[in-house]
Structures are given as C-alpha cells and as structure tokens.
A.B. asks: 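Before I ask anything, let me first share the structure, which is written out below as structure tokens.
Every heavy atom of this structure was used, including side-chain atoms; hydrogens, water molecules and symmetry mates were not.
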Amino acid sequence: MTTARPRLFEPPSTSVLRRADGCMLLASRVPLGPYATSVTTMFRASAAAHPDRVLVAERRRDPDDGWRAVTYARARSAADSIAQALLDRQGRHGGERPVMILSGNSVDHLLVTLGASTAGITVVPVSVAYSLQSLDHAKLRSILAGTDPFLVFADDPAAFAPALEVAGTRAEVVTSLGDLTGTAPTAEVERRVRAQTPDTVAKIMFTSGSTGVPKGVPTTNRMLCGNQRMMRQVWPFLAEEPPVLLDWLPWSHTFGGSHNVNLVLANAGTLWIDDGRPAPGLLDRTLRNLQEVSPTIQFNVPAGYAALVPALERDPAIAERFFARLRLVFFAAAALPQELWDRIEALAKRHGSDARMTTAWGTSETAPAATAAHFESGRAECIGVPLPGVEVKLAPLAGKLEIRVRGPNVMRGYHRRPDLDATTFDDEGYYRTGDAARMIDEARPELGLRFDGRIAEDFKLATGTWVSVGTLRPALLSEARGLLRDAVLTGHDAGYVGALAWLDPAEAARAGEPALREALLDALDRLNRGAGSSARVRRLLPMEEPPSLDAGEITDKGYVNQRAVLERRADLVARLHQDPPPPGTICSE
C-alpha cells in the first residue's frame, strides 16, 4: 500500500478591508499559533527529539574527502561550550556587546552562531564581500563602529587577514573554533538561556543596500520564531517531512541566514552547505553536490535558477537526483521570469516529480517572510497572501500601491537610527517597504497579490509616461528564453526604454553568432509587438563586464542593484540613448 504524502499547502483564507482613503488592509483569517520563546529553545527542542540526525554538513577542503557532518547532539554540546567561552570573554571586555562573524557559510559559522544564541549574545553576520573584495574596507569599518563587537570570528585566517587586521583594532579576534569549544559550560549558560525573551535581539542583519546604504536590522527572537511558526502553518508537510536543503544563499542576508537556517532548526531538518553558486566556475560545484544530495526544498534566487535550469536540461542524470524527493521549488529576492518558471515545471514533469513552484515576499525588516503563495498559482508574479499574524496595508503612493506590514515578524526600528523612524513607519505603525503590489483579482483575495516592482526603481520617459521596472524587466527576460541572465532598464527622461543586459554564457555559446543577435532581436520584437512606449524595449546592449560586487552592482546573493548599475555606468547609459548607439547594440526601432 502506498502511503499518502503529507499535505503540501494549507489553503489560504484572506480578509480584505477597503477604506475610504484608498488603502486596502489584508490579513489571514487563520490566527498565528504559539511559537518558541527563542531560537535557542527552538534548536534545543530539535536536538532533544533527533540527537543523531545531521544538522549541518560541508565539503571538506579536499572535496574528494567527502563531507564534514555535525549531528544535532554534537551541535548542542558545542554550542554550550562556545556559549561559556563567549560569556567569559564578554565579561573581560565589558558590556553587553555582540559577536561579529566575517566567515561565509560554514559549519564553524553556524556553531558560533548557535553558541552566541545560547548565551543570549547578539550576532552580527557580515557579508564576505566587505572583507574579501574591498580595498579600503569602508563598509566593514562602518559596521564595526556601529555595532562595537567584543569578538570577531573568521574561520579562514589567511583569506580574511586584511579584514581581521582592521577588526583587531576594535575587538578580540578568534580564527579557530577550538579556541571556543574547549570551555566547560557552567550554570551561567542555563541561566542565560532562561533569561532570554521574545524581545532579545538574536541578530543584527545588515540590508544589502539595494536602495541605499546598508542599515542594521535588529532581529529579535520574536521575529525569527514567529516567522517560522507562520511558515509551518502554511507548509504543513514540514511537521512530518523535516526539510533537507542544499543551499548556498549567504547567511549575512535574511533569505539564507534567517529564513533557511531557521527553517532547518525549527523543523529538525538538515542543511548541506553548497560550496557552489550561480557564478562562472562555481556552478559545477553545485552540480557535483546534487549528485550526492537530493533536497526536499530548493531555495534560490532567480539568477540561480537561470544558471541551474539549463544545466539540468542538459544532464538528465543530475536532474533525476535533483527531483528525486523534491517538494518545493522556491524563489525570492527578485522577480522570476515566467519563461523560467515554465521550464522548471516542464523539467519536474519530465522526471516524474510532483514538486511545486512557489515563492514568498518579505524583507530583512520582516525577518523575512510576510506573504506566501501557499497554493498553486501558476504565476511567477504572484507573491501570495499575508501569512498568519501578518497585517498588510496596500497604500496609494506615486501611482501604485505600496506594501506596508505590521506583525510580530516586523522590526521596531533600525539599529541606532531613530532618525529614520518617521520615514520607516507610517502613522499606524506599518513598516513602509518601498515595494508595490496589487491584487490579482479584487473579488478573490485568495488568489493573492501581484508584485508590482520597487517604487524607487520606476522612472518616467520624456513623455511623462511611467515605466514599471518590476513588470517590464521579467517580461524581457522571459521573451529572451534563457539567453539573458539579467538586465537593467534605462530611459529616465529619455524618449524610449533601453536595457543593459548580461548573457547566459552557456546559452549564448550554444546559439553562436550571428544567430544570437537574431534571437535577441526576435525577443525584443515579441516583447514590443502591440505594446505602448512604457512596455517596449527599443535598444538592448549585452554587457561583457559582469556586475561588480565590490561596486555594489550585485549582492552576494545574486540580486542586481539597478540604481548602482545606472550610476556606475552612467556614460554607457547616455550613449545607449544617443545616435549612433554603442557597437553591439540590438535595436528594435
């Protein structure tokens, strides 16, 4: 007899209140259930229930040596020892100061985080780009000054040597986990665990800076644990199928570090750290890992799927492993082209998988999920409905409806930036996200919200017509049918829309010249057919230089920062809108 698989989604039930001021208030009719007091409580419950299950694993330095795996029991023991070592050091340095972690995703990184959490000490995970790809370490210096850690940890002293020299002027530096795990825990550790409350700040997460200078988000136990309860209520299968992840998303960002790591901790899952990523020379590592690990949930950003999907289409054996026990294919952080969604669904069907595509929406400030598509929408643009316990306001702003959020998962204000409160929250206490959305069908709220772009990214043409970047960009990528990895739209105060675009290397090589130019021109013609000026891209220039991480053009999770690209390449943008355009420009006049 075949046993039925646990139910994937809890059907949505959403209320809508339309107000005279033009605002719409949306909320789930399902109340938020009780959740853990702290991340430590959540982790310890999983460790007690499944001590011998692998919590985290990473490739050894020599990949042929296999994986270094740590069970829940070993992680619990290490966390208690690290907690005591950190408390001893914090006492010597004085004050309730945080621990800063410069390392990328690693077993040691997670153990230090769990140790700090056990001790009730705030952790500050910092993007490795600020340490490894910066000459002046300006952002690292700023974060050091703003958070004042008593200890800085990095698990690779050689790679992080210049950054540690900067950090060492302000804090104690530790580069070996063994320096922290040899301390026997005392009764003080248990006292600190009991003293934690939902309002204890577990992390300070720094925003990626896609709309300005990175800001510190104090992320409390309430925000993290409440968010995990929300997700478990809409993904009921988690109660019976602990998640297995193969994940590269950086822990210095909320998607990988708050959402994914805590999903594993809350549901006694296993996290295999992917040492690959969607970048030249690194995707092969992901493909190797997929030959050994079959995830139950795949988390990625659209750029990640743009790199992964063609590889799965070319290699049925790896695709078979990828889909072997997959339940969800999840994307977030940017809009996914519908064409890519359709290709993933076709792959799943080809390999006999019932995996479903889905997404959620949120920000660092919402810890992160605020809405989720816990139903089969079939639409890449659908960001779902409010999660239990979350209140969403759609407020008229600049010709769109801004998404504003209240709930236990929302921060109370930026770290040491009370000057921002007046613009961060509205007069009803809703967090103002700067993102826009609209209902897919106002008569049927259960069909969810449609993402309508970032309000700050939209621009006007010379005619005064607004261009919706959040709508047009994914439409362009979809029509390119895999040839483009990403694009940035241009045309502020110009007569038409242009685009700077990055080719998918593998797909472009397969197309070859001059077929590639013809394929891109066909894509523009399909996009522009019958469209008005604000929905047409008349010129497209393929970029040879990739977006620069150090210049802020792309984050280390693969999200292209439109504003930074336009500022850094302003001369090229100007030339794109002049005659003649730069060599290599594809024109659809």
Side-chain angles (χ1 to χ4, degrees), residues 4-19 23-37 41-42 45 198 220-243 258-260 262-263 265-267 269 297 327-328 330 332 356-363 365-379 382-394 401 403-411 428-431 433 435 437-451:
R5 301 181 81 180
R7 182 161 42 94
L8 194 64
F9 294 137
E10 183 67 29
S13 178
T14 306
S15 66
V16 181
L17 174 64
R18 294 171 174 81
R19 300 197 316 201
C23 293
M24 288 186 283
L25 307 182
L26 291 80
S28 173
R29 293 190 179 93
V30 180
L32 178 63
Y35 48 87
T37 302
T41 303
M42 200 164 61
T220 64
N221 283 322
R222 184 189 311 279
M223 293 166 65
L224 296 171
C225 298
N227 208 226
Q228 288 305 318
R229 174 66 186 193
M230 295 171 189
M231 295 306 301
R232 189 162 181 170
Q233 285 186 219
V234 301
W235 291 355
F237 75 100
L238 290 173
E240 299 180 50
E241 295 183 2
S258 292
H259 187 279
N260 297 355
N262 284 319
L263 188 82
L265 296 177
N267 298 285
I297 306 174
R327 298 301 308 272
L328 289 178
F330 181 104
R356 295 291 181 263
M357 292 288 298
T358 191
T359 187
W361 169 87
T363 67
E365 294 84 349
T366 63
T371 72
H374 51 103
F375 49 89
E376 295 187 37
S377 72
R379 307 167 65 122
C382 177
I383 59 173
V385 295
L387 287 163
V390 174
E391 301 172 80
V392 167
K393 177 198 289 187
L394 299 182
L401 293 172
I403 315 174
R404 302 180 183 180
V405 187
R406 282 194 319 202
N409 58 321
V410 179
M411 70 166 190
E428 295 180 301
Y430 286 87
Y431 165 60
T433 68
D435 283 351
R438 58 188 182 192
M439 295 178 66
I440 289 174
D441 185 339
E442 293 201 13
R444 301 177 63 192
E446 69 277 5
L447 295 182
L449 298 171
R450 175 190 178 280
F451 183 68

A.B. asks: Whether the side chain of Arg450 engages the backbone of Met439 through a donor-acceptor N/O pair (distance < 3.5 Å, no angle test) should be reported.
C.D. replies: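 Not a single qualifying donor-acceptor pair exists.
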A.B. asks: Whether the side chain of Glu365 engages the backbone of Thr433 through a donor-acceptor N/O pair (distance < 3.5 Å, no angle test) should be reported.
C.D. replies: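 No.
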A.B. asks: Working to the nearest 0.5 angstrom, can you tell me the gap between Arg379 CZ and Ile440 CD1?
C.D. replies: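 Taking CZ in Arg379 and CD1 in Ile440, the distance rounds to 4.5 Å.
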A.B. asks: Looking only at atom types and distance, does a side-chain atom of Gln228 sit under 3.5 Å from a main-chain N or O of His259, one as donor and one as acceptor?
C.D. replies: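 Yes.
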A.B. asks: Would you find a donor on one side and an acceptor on the other, under 3.5 Å apart, between the side chain of Asn227 and the backbone of Met223?
C.D. replies: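 Not confirmed, Asn227 side chain does not pair with Met223 backbone.
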A.B. asks: First locate atom CD1 of Ile297, then atom CG of Leu238, and finally report the distance between them rounded to the nearest 0.5 Å.
C.D. replies: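 Rounded to the nearest 0.5 Å, the CD1-CG separation comes to 5.0 Å.
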A.B. asks: Got more than 12 heavy atoms from elsewhere within 6.0 Å of CZ, Arg18?
C.D. replies: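 More than 12 heavy atoms, drawn from other residues, nucleotides or ligands, come within 6.0 Å of this atom.
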A.B. asks: If I take atom OG1 from residue Thr363 and atom OH from residue Tyr431, how far apart are they, to the nearest 0.5 angstrom?
C.D. replies: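 Going from the OG1 atom of Thr363 to the OH atom of Tyr431 covers 4.0 Å.
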A.B. asks: Using the six-membered ring of Phe237, assess whether NZ or CZ of Arg327 lies under 6.0 Å from its centre and within 45 degrees of the ring axis.
C.D. replies: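 Output yes; distance and angle both within limits.
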A.B. asks: When you measure from the side chain of Ser15 to the backbone N and O of Arg29, does any donor-acceptor pair fall under 3.5 Å?
C.D. replies: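 No; judged by distance alone, with no hydrogens or angles, the pair does not exist.
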A.B. asks: Any side-chain to backbone donor/acceptor pair from Thr41 onto Ala36? Under 3.5 Å, distance only.
C.D. replies: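 Judged by distance alone, no pair lies under 3.5 Å.
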A.B. asks: Evaluate Tyr35 against Met42 for side chain to side chain contact (heavy atoms under 4.5 Å, CB included), listing each step before the verdict.
C.D. replies: CA-CA 9 Å; Tyr35 48 87; Met42 200 164 61; over 6 Å; no
A.B. asks: So, the side chain of Asn409 versus the backbone of Ala369: is there a donor-acceptor pair under 3.5 Å, distance only?
C.D. replies: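 Flag set: sc Asn409 to bb Ala369 pair under 3.5 Å.
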A.B. asks: Evaluate the criterion side chain to side chain contact (heavy atoms under 4.5 Å, CB included) for residue pair Ile403 and Ile383; output intermediate values, then yes/no.
C.D. replies: CA-CA 12 Å; Ile403 315 174; Ile383 59 173; 4.1 Å; yes
A.B. asks: Rounded to the nearest 0.5 Å, how far apart are CD of Glu446 and CG of Asp441?
C.D. replies: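 Spacing of CD (Glu446) from CG (Asp441) equals 8.0 Å.
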A.B. asks: Specify the closest pair of heavy atoms between Ser258 and Ala367, including all atoms of both residues, with the distance to one decimal.
C.D. replies: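 Shortest heavy-atom contact: CB-O, 4.2 Å.
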A.B. asks: Can you tell me how far the CG atom of Leu25 sits from the NZ atom of Lys393, to the nearest 0.5 Å?
C.D. replies: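 One gets 7.0 Å once the value is rounded to the nearest 0.5 Å.
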A.B. asks: Where is the tightest heavy-atom contact between Pro243 and Leu263, given as atom of each residue plus distance?
C.D. replies: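 Minimum heavy-atom separation between Pro243 and Leu263: CG-O, 3.9 Å.
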A.B. asks: Any Lys/Arg nitrogen of Glu428 or Arg404 sitting under 4.0 Å from an Asp/Glu carboxylate oxygen of the other?
C.D. replies: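 Salt bridge: no.
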A.B. asks: Could you check Met231 against Leu387 for side chain to side chain contact (heavy atoms under 4.5 Å, CB included), going step by step and ending with a plain yes or no?
C.D. replies: CA-CA 8 Å; Met231 295 306 301; Leu387 287 163; 3.9 Å; yes
A.B. asks: Are the side chains of Arg5 and Glu241 in contact, using a 4.5 Å heavy-atom criterion?
C.D. replies: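 They are in contact (side-chain heavy atoms under 4.5 Å apart), so the answer is yes.
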A.B. asks: If I compare all heavy atoms of Thr371 with all of Val392, which pair ends up nearest, and what's the gap?
C.D. replies: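 Scanning both residues completely, I find the closest heavy atoms to be CG2-CG2, 4.3 Å.
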A.B. asks: To the nearest 0.5 angstrom, please state how far the CG atom of Asp435 sits from the CZ atom of Phe451.
C.D. replies: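 Asp435 CG to Phe451 CZ: 4.5 Å, rounded to 0.5 Å.
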A.B. asks: Might you work through the side chain to side chain contact (heavy atoms under 4.5 Å, CB included) test for Glu10 and Gln233, ending with a clear yes or no?
C.D. replies: CA-CA 7 Å; Glu10 183 67 29; Gln233 285 186 219; over 6 Å; no
